Enquirer: 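Below you'll find the structure I mean.
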Amino acid sequence: MTAASNTADALAPPAASVPSLKKRLRRAEMRKKLLYGALILPLAVFLLVAFVWPIASLLTRSIDNPEVHDNLPHTLRELKAWDGEGMPPAAVFTAFAAELESAKGSPAIAEIAKRLNREETGYRSLIMKTARKLPLPADTDVPSALTEIDARWGEAETWRAIRRSGGATTPFYLLAAIDRSIDTHGNIVTAPPEEAVYVNVLMRTFWMSLIVTGLCLVLGFPVAYLMAKLATKQSNMLMFFVLLPFWTSVLVRVAAWIILLQNEGLINKVLMAIGLTDGPLQLLFNRVGVYVAMVHILLPFMVLPLYSVMKGISPVYVRAAVSLGCPPFKSFWKVYFPQTLPGIGAGALLVFIMCMGYYITPALLGSPQEQMVSYFIAFYTNQTINWGMAAALSAVLLGATLVLYMVYARYLGPTRVKLVKPR
Amino acid sequence: MTNQTASAAPHVSFRNVQKSYDGETLIVRDLNLDIRRGEFLTLLGPSGSGKTTCLMMLAGFETPTSGEIRLEGEIINNQPPHKRNIGMVFQNYALFPHMSVLDNLRFPLKVRKLPAAEVDAKARRALDMVQLGSFGSRYPQQLSGGQQQRIALARALVFEPQLVLMDEPLGALDKNLREQMQLEIKHIQQTLGVTVVFVTHDQSEALTMSDRIAVFDKGIIQQIDSAERLYEEPANAFVANFIGENNALVGRVERIEGEHCDVRLDCGTLIRARTGSVAAGDRTLVSVRPERVVLDDSAKGCANFLDAVVKEFIYLGDQVRIRVDLCGNHDFTIKTPISHLDHSLRSGDQIRIGMDAAHMRALEPLPAA
Ligand SMILES: Nc1ncnc2c1ncn2[C@@H]1O[C@H](COP(=O)(O)OP(=O)(O)OP(=O)(O)O)[C@@H](O)[C@H]1O
Ligand SMILES: [Mg+2]
């Protein structure tokens, strides 16, 4: 190599190496990102397949409306041309008779009948009766033949009902889940009081969750405080007892509470033995039993976040407050307690959200008056196989939980927590 | 002096105070201490010597096992801490993280139920005093360590206590900031005229700031004096070693003659030193500060005159430290200004060193081996 070419080599690279350096940096960062991605990929895939996808597909059921839409497609297409006043064109009747005939004998006919019956009671028998009379003899005038089978086929309202129920989606289930429905004019109306149950159930779910959360806080706060104050050895011991319930399944704990709380159970016996009551108290199959068991099961979820926050609060703060002239209890309240708020927020949120979805405990320990939203979801999935209602109630529950979380994040969330976190 | 008897009554006094946490060992053995009004008193001592314990007893967070503590002449042993009206600065500042700086300063005033306007005015004045007037709405985490330190100081002073306690308040700061804060604290203390009891185990901090320093060890006060006297006239070997650098030479006291005594060092040389609490015949350590040792020519006028072998030079910029072998002490240190150094000296050279009797001290008898 000559000196000249050497110089040229030495001069050339800088121009070329500037972009290549950038590129190399980008490539290195890309590799790092890929590595990070690869690390979380398995979990992400698992969550997608086992969590997000099933939930999403369940929730879509709450607005799914396939019965008429899928089984009477031609009828619906013909109905589109109709202005809704007077009688629909004959083509509608022909298409309807043909589609009903082909649905006859399959589950589809029952689906159509059930769906239309929701628009107007009596339509189920109308469909079944009409289907039985099919097929019509050849060369008959289809509209008049159908009207002959039932006069309602001669009414515009019947065809409007079919058209109304023909959408691919429906707000029906979601509205029903909050005791609302759509009347024949398309207005949202409140369900009659004797049918309105879900708002009540939802309020009850909220209320009971609130009470359980409150009880957990009141019972858990002193324990967490004590654990944070005690020497490590003793606080580990306490922690062991706090976590002990996790060693047995929820079902076993609920069964244990049934044994303890029943009329001849230990608790009633003790109460009577020490003369607090004459007869046994009704502790089971009412709110008391449900609250007792739920608080017991959920208490650790309150204690743990509280403890972890309190552990980080230096006792020096209270000392400082006292040295500034503030009496001990007030110091606790003004200086220590506010710093535990992130823990209270996290614990309360955790307990509350878990409460909202509680099923087993109220189902086993409560009366019908204690059943929460989850009970009805289970009822619709297991007993009446009404996926629409089950999904709609789930959606409402999920929605309420999300709203709650957003409120939490707004007032006690990460940004607020940062201000309160001890150094 | 007689017209000052009222103000000469101690602001705080400890009498025969003892403290034990476990009922077996005494952390504070016998504390007798008078703190004068308006003075800056530092408790200085090695780790674990009971400084914090003393401060906590004064603040009311610990109760003395026996003895009495008086504040303004009243016994306060059983007075709860929030009624003592003593300002306190903690090592990690203990600023309330959920309150803004201004709210932190308002806190002690609000607790005292002052009218809102006064609370505000005082809090702002305190903030201005520490030159952080524009930081009132920040939260403590948004301040640097030095700024937090000043807020903590302002908070301890805002309710105008007569007595302020500080437990290693500068321990978490870096050297420059610490020196700056030392002056600032001292300045504020002088301006306000409050009594400050300051705990540290950094002796240069104690020497810079204090009117008097109480040197603690093993639960008792070894000496309480001004910085200068502690340095020049240490009461015992512990203080001599703890404050500044010190050289020790082992020997036996031959003769006591007024303030002075003759000590026969183990290498045979006879030296003259000032007498501490020794008697003739005692074995003792003779202490001398490294900067009080002079070399060669200037050594000629000194009472004591010894031979030494140079082992090592350590340059400190303006000064040089010379380690020599002297009379069996292999670690004898001499500190001399670099301008006085004979640059032809090499390690291994024999030199003559001189020490004045006034700067040598036979402090206390050695415990029998
Ligand atoms: N609450 C306590 N319970 C039991 N022993 C304690 C307690 N507080 C302090 N001690 C013990 O008392 C001794 C003196 O502690 P103290 O905190 O007063 O020392 P200090 O001089 O402040 O030391 P440092 O310079 O390290 O802060 C130590 O041996 C310590 O272990
Ligand atoms: Mg200490």
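Treat the numbers as computed from the prediction; the structure is a model and nothing was measured.
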Enquirer: State whether the number of non-hydrogen atoms from other residues, nucleotides or ligands found under 6.0 Å of B/Lys83 atom NZ is greater than 12.
Expert: no

Enquirer: Would you verify whether the NZ or CZ of A/Arg319 falls within 45 degrees of the ring axis of B/Phe61 while also being under 6.0 Å from that six-membered ring's centre?
Expert: yes

Enquirer: What are the two closest heavy atoms between B/Pro97 and A/Gln339, and how far apart are they?
Expert: CG-OE1, 3.2 Å

Enquirer: If only atom types and distance count, is the side chain of B/Arg84 paired as donor or acceptor with the main-chain N or O of A/Gly325 below 3.5 Å?
Expert: no

Enquirer: Compare all side-chain heavy atoms of B/His82 with those of A/Pro327 and state whether any distance is below 4.5 angstrom.
Expert: yes

Enquirer: Please check: side-chain N/O of B/His98 versus main-chain N/O of A/Lys334, any donor-acceptor pairing under 3.5 Å?
Expert: yes

Enquirer: How close do B/Ala94 and A/Val316 get, counting heavy atoms only, and between which atoms?
Expert: CB-CG1, 3.1 Å

Enquirer: Please indicate whether A/His296 has more than 12 foreign heavy atoms, meaning atoms of other residues, nucleotides or ligands, lying under 6.0 Å from its NE2.
Expert: yes

Enquirer: Tell me whether A/Arg253 at atom CZ has more than 12 heavy atoms from other residues, nucleotides or ligands lying less than 6.0 Å away.
Expert: yes

Enquirer: Please name the pair of heavy atoms, one in B/Phe96 and one in A/Tyr317, separated by the smallest distance, quoted to 0.1 Å.
Expert: CE2-O, 3.4 Å

Enquirer: Once you round to the nearest 0.5 Å, how far does CG of B/Asn104 lie from CG of A/Leu324?
Expert: 8.5 Å

Enquirer: How far apart are the closest heavy atoms of B/Phe159 and A/Ser323, and which atoms are they?
Expert: CZ-O, 4.0 Å

